[in-house]
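Notes to accompany the following structure.
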Amino acid sequence: MKRILLLTILIVSAVGGYAQSFLQNSQVNGSFQIDAQYYNTDEGIGIYDSLINGKRLGVNGFGKLTYTLGDFSAGMRFEAYETPLSGFDSRLEGCGIANYWASYDNGTIGVTVGDIYDQFGNGLVFRTYEEWSLGFDNSLRGMRAVYRPTQGVTLKGVYGKQRYYWASYDADQSRGIVRGIDGDWDINQSISGLNDSKFRASVGASFVSKYQKDNDLFYYMPENVAAYAGRVNLSMGRFAFSTEYAHKINNPSAINNMIYKDGEALLSSLSYAQKGLGIVLQVKRVDNMSFKSDYNAKESDLDINFLPPINFTHTHSLPAMYSYSTQPNGEMAVQFQVNYTIPKKTLLGGKYGTKLAFNYSQVNDIVRDSIIVNGVPSLNQSGTLGYTSPFFGVSDHIFYRDINFEIEKRISKDWRLVVMYINLLYDMATIEGHVGAPEVRANIAFADITYKITARQSIRCELQHLWDNIGKDYVVHEGEEKDFQKRGNWMAALLEYAIAPKWFVSVADKYNYGNPVAEYRDHYYTVSVGFIKDATRIMLTGGRQSEGVVCVGGVCRTVPASSGVSLTVTTSF
Amino acid sequence: MKKLSTILILAFLALNVMAQEKSDLPNVTIKNLNGESINVSELSNDGNPFVLTFWATWCSPCVKEHNALSEVYDDWVEETGVKIYSVSIDDSRSTPKIKPFVEGKGWPFEILLDVNKDLARSMNVSVPPHTFLFDGDGKIVYQHTGYFEGAEEELYQEILKIVK
């Protein structure tokens, strides 16, 4: 009897211990964000009651929870757009659990079911991701398996159906099924003798296929469309080279004007890096490489792949008005960047050193030659093979060019300075689809000055000026005013006072004083107050937002002009 | 019977020991600048505290924070033994730019590449810069988003709290 009692105590304490360790090992974390804006009428910048149309308040919010127990994890994300903020796609309106998943990964084998985010190589044939600030989410609802047989080798397989706003995942013909496999082999990591070698190499390959039933009235649509890619990364000491080539078989779509030509993309880079000096050259070719799980989809809906824009990303308000996004139907791009630090305690380096950066980006169209269809020359006609394009051919048509130079300098213990000069060419007609709009040739000067008042308090001032090739006297024809909403010279200033790391207040104004259309010569002023504590951030902003494009990581969203008060609350735990 | 109870006691102890070893680092695999796969749950700093800071080349407050941290890093390492892991959340447009960028700026941190934000997602990072401080056992003791001039001082105070 005693023995049984002892046994019972032991079992209970063991189970209790297990339960306790179960609880101790379990982790729950998550994050929340609410972006709300109250919209005002503001006749000064053309926002009338009719435009707001009763929509006084826009709220985007999400809450995300993840549960982890050892190798097991599961999570979900709730989203609510009631109603979506202006500039977000109206199809987002609604709320619900947009994303859920469960996963087991023991290091050798991993399986995920539910909504999947993943990327093969550079994403040229497959990338699913989510960008909350743009309302972008192309996650794949289905399954994913990962197998890592030895160190340095990763094999992956995915299949499923992509998220399309709030559309149901039931069997229907609105969008297809995506499936793909990828292999990655790091030669140095997998062969023990090569671990410390100066020469490093890795290779990888992917294959992706989508299935969508042909229900087109005019054309025979290929129901299975395959795309594949291969990549190589090599490095030798300070030098590195990487390249990836992708090919897609015929895939007529709304984006490529229903042509049956194959698509391809190439992304290559060469770099050199040593302490204080970094140089990188990137080149890219894209030809008819839009790849979506519905051939009728437009813009960035249902993208299966990601064609990275390799140009420099500007975030300061004036140059950011002219952000470039990849033209999936064809472009030839080059990007060259040098970062150099003049060492401290030299004539030019001064006491703290001086950081310099030079950047050159240019994107041109590809060359398209006509083909013979039924005995007559034809260029990019629906239902044909479209055109032929020489692989290394570069058209004279420039989509985008950016030459910029930056100096970063700590002048003294209390003063820091960043100055930048930017020369931009931006083909608005192509990039924004304003047919006939004259191209933008702009020069922009930027300065960011920070003064440290005490150890924690600082004042920061940003000054910007943009000189446009279109002056105040430019004659704008009637009916074309829309194309000139942000043209002409601009100036902008921002003043920010911060008590690190918790509080800040800033005032800013952007003034389009040189617009050729008198009624567009507007001020866009804002006042912001923010509070940050640990992982919680609260920000209140009031004022005017100018019409523009917000881009994050290569995807862009057009933001209409607005006026009002906005509140952002973010927290994570 | 004795054997059984011994096994049970051992199992009980083992489970309790296991419970104490759990760190806050997620089981996510990303790459370093050499292209090697690194499982984040295996990051450590020989029992000393370490910092994991998320940044991007296009994020100017992040660049300012990294410049400020690089100026004080040698002193911090000497005084506290801390190590900084710097996680770039740039996507594939910038992957080949990171190494020349970091070297050109002279930053001394260990760089990790979170190309599709797998790590950022599992650590609930929505906007960079987002900085986490881990103690020697891999437990998060402090985190902060955003950067203003002088904010690195608060991080240093938090590091000192662990060391002392």
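Chain A is the first sequence line, chain B the second, and so forth, proteins listed ahead of strands; every chain is numbered from 1.
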Approximate separation, where rounding is to 0.5 Å, of A:F573 CZ and B:I140 CD1: 12.0 Å
Rounded to the nearest 0.5 Å, what separation is found between the CG atom of B:D24 and the CD atom of A:Q27? 5.0 Å
Below 4.5 Å from any heavy atom of chain B, which atoms of A:R456 appear? Answer side chain, backbone, both or neither. both
For B:R121 and A:Y117, the nearest pair of non-hydrogen atoms, with its separation, is NH1-CB, 3.4 Å
Contact part of B:V102 toward chain A, heavy-atom cut-off under 4.5 Å: side chain, backbone, both or neither? neither
Is A:S202 close to chain B through its backbone or its side chain, or both, or neither, when contacts mean heavy atoms under 4.5 Å? neither
Flag side-chain contact, heavy atom, 4.5 Å: B:T57 against A:T313: no
Do B:N116 and A:D118 pair up side chain to side chain, a donor and an acceptor below 3.5 Å, judged on atom types alone? no
Mind running side chain to side chain contact (heavy atoms under 4.5 Å, CB included) on A:D448 and B:K64 for me, showing each step along the way? CA-CA 11 Å; A:D448 178 321; B:K64 285 179 184 167; 2.8 Å; yes
Looking only at B:G106, B:S122, B:A151, B:G104, most heavy-atom pairs under 4.5 Å shared with chain A are made by B:G104
What I'd like to find out is whether the side chain of A:R127 reaches to under 4.5 Å of the side chain of B:D91, using heavy atoms alone. yes
Comparing A:R537, A:K64, A:E130 against chain B, the one with the most heavy-atom pairs below 4.5 Å turns out to be A:K64
Side chain / backbone / both / neither for A:K355 at chain B, heavy atoms under 4.5 Å: side chain
For A:D196, does the CG atom sit with more than 12 other heavy atoms under 6.0 Å from it, leaving out its own atoms? no
For A:D186, is it the side chain, the backbone, both, or neither that has a heavy atom closer than 4.5 Å to a heavy atom of chain B? side chain
Check each atom of A:S235 against the heavy atoms of chain B and say whether the ones under 4.5 Å are side chain, backbone, both or neither. neither
Taking everything shown except B:E78 itself, do over 12 heavy atoms lie less than 6.0 Å from its CD? no
Please flag which part of A:H314 lies under 4.5 Å from any non-hydrogen atom of chain B: side chain, backbone, both or neither. neither
So for A:T454, is it side chain, backbone, both, or neither that comes closer than 4.5 Å to the heavy atoms of chain B? neither
What residues of residues 31-42 of chain B make heavy-atom contacts with chain A at a cutoff under 4.5 angstrom? B:K31, B:N34, B:G35, B:E36, B:S37
Considering only heavy atoms, which portion of A:Q189 lies under 4.5 Å from any heavy atom of chain B: side chain, backbone, both, or neither? side chain
Output for pair (B:M123 CE, A:S31 OG), nearest 0.5 Å, gives 12.0 Å
Kindly indicate, with the supporting measurements, whether the criterion side chain to side chain contact (heavy atoms under 4.5 Å, CB included) is fulfilled by B:K117 and A:Y129. CA-CA 8 Å; B:K117 291 196 193 171; A:Y129 67 110; over 6 Å; no
I need the A:R410 CZ to B:N67 CG distance, nearest 0.5 Å. 10.0 Å
Would you mind reporting whether B:T145 and A:I532 have side-chain heavy atoms less than 4.5 Å apart? yes
Salt-bridged, B:E149 to A:R416, with N to O below 4.0 Å? yes
Reported CD-to-OG distance for the pair A:Q33 and B:S126, which is rounded to 0.5 angstrom: 5.0 Å
Passes side chain to side chain contact (heavy atoms under 4.5 Å, CB included), B:T29 versus A:R148? Steps please. CA-CA 11 Å; B:T29 301; A:R148 304 177 194 93; 4.3 Å; yes
I need the B:T95 OG1 to A:N122 CG distance, nearest 0.5 Å. 6.0 Å
Part of A:Y272 lying under 4.5 Å from any heavy atom of chain B: backbone
Among A:D534, A:V280, A:T536, A:T341, residue most engaged with chain B (heavy-atom pairs, under 4.5 Å): A:D534
Between B:E71 and A:K344, does at least one N-O distance fall below 4.0 Å, as a salt bridge requires? no
Checking B:S92 against A:E244 for the side chain to side chain contact (heavy atoms under 4.5 Å, CB included) test, could you report, in this order, the C-alpha distance in whole Å, the side-chain angles of both residues, the deciding distance, and whether it holds? CA-CA 11 Å; B:S92 60; A:E244 181 167 13; over 6 Å; no
Check whether any side-chain heavy atom of B:F148 lies under 4.5 Å from a side-chain heavy atom of A:R460, and answer yes or no. no
Contact part of B:F101 toward chain A, heavy-atom cut-off under 4.5 Å: side chain, backbone, both or neither? both
What's the shortest heavy-atom distance between B:N27 and A:D105, and which atoms? ND2-O, 3.0 Å
Would a distance-only check, ignoring hydrogens and angles, find a side-chain to backbone donor-acceptor pair under 3.5 Å from A:S271 to B:P100? no
Side chain, backbone, both or neither of B:V127 within contact of chain A (heavy atoms, under 4.5 Å): side chain
So with a 6.0 Å cut-off around CH2 of A:W185, is the heavy-atom count from everything else above 12? no
Any side-chain heavy-atom pair of A:Q335 and B:K97 under 4.5 Å: yes
Flag side-chain contact, heavy atom, 4.5 Å: A:L277 against B:E103: no
Quick check: does any side chain N or O of B:H144 sit under 3.5 Å from a backbone N or O of A:A535, one acting as donor and the other as acceptor? no
Any carboxylate oxygen within less than 4.0 angstrom of a Lys/Arg side-chain nitrogen, looking at B:K105 and A:E408? yes
Interface moiety of A:Q151 toward chain B, non-hydrogen atoms closer than 4.5 Å: neither
Count the heavy-atom pairs under 4.5 Å between each of A:V338, A:T570, A:N311 and chain B, then report the option with the highest count. A:N311
Taking every heavy-atom pair that is under 4.5 Å apart, which of B:S94, B:P96, B:G146 has the most such pairs with chain A? B:P96
So what's closer than 4.5 Å to chain B heavy atoms on A:I310: side chain, backbone, both or neither? both
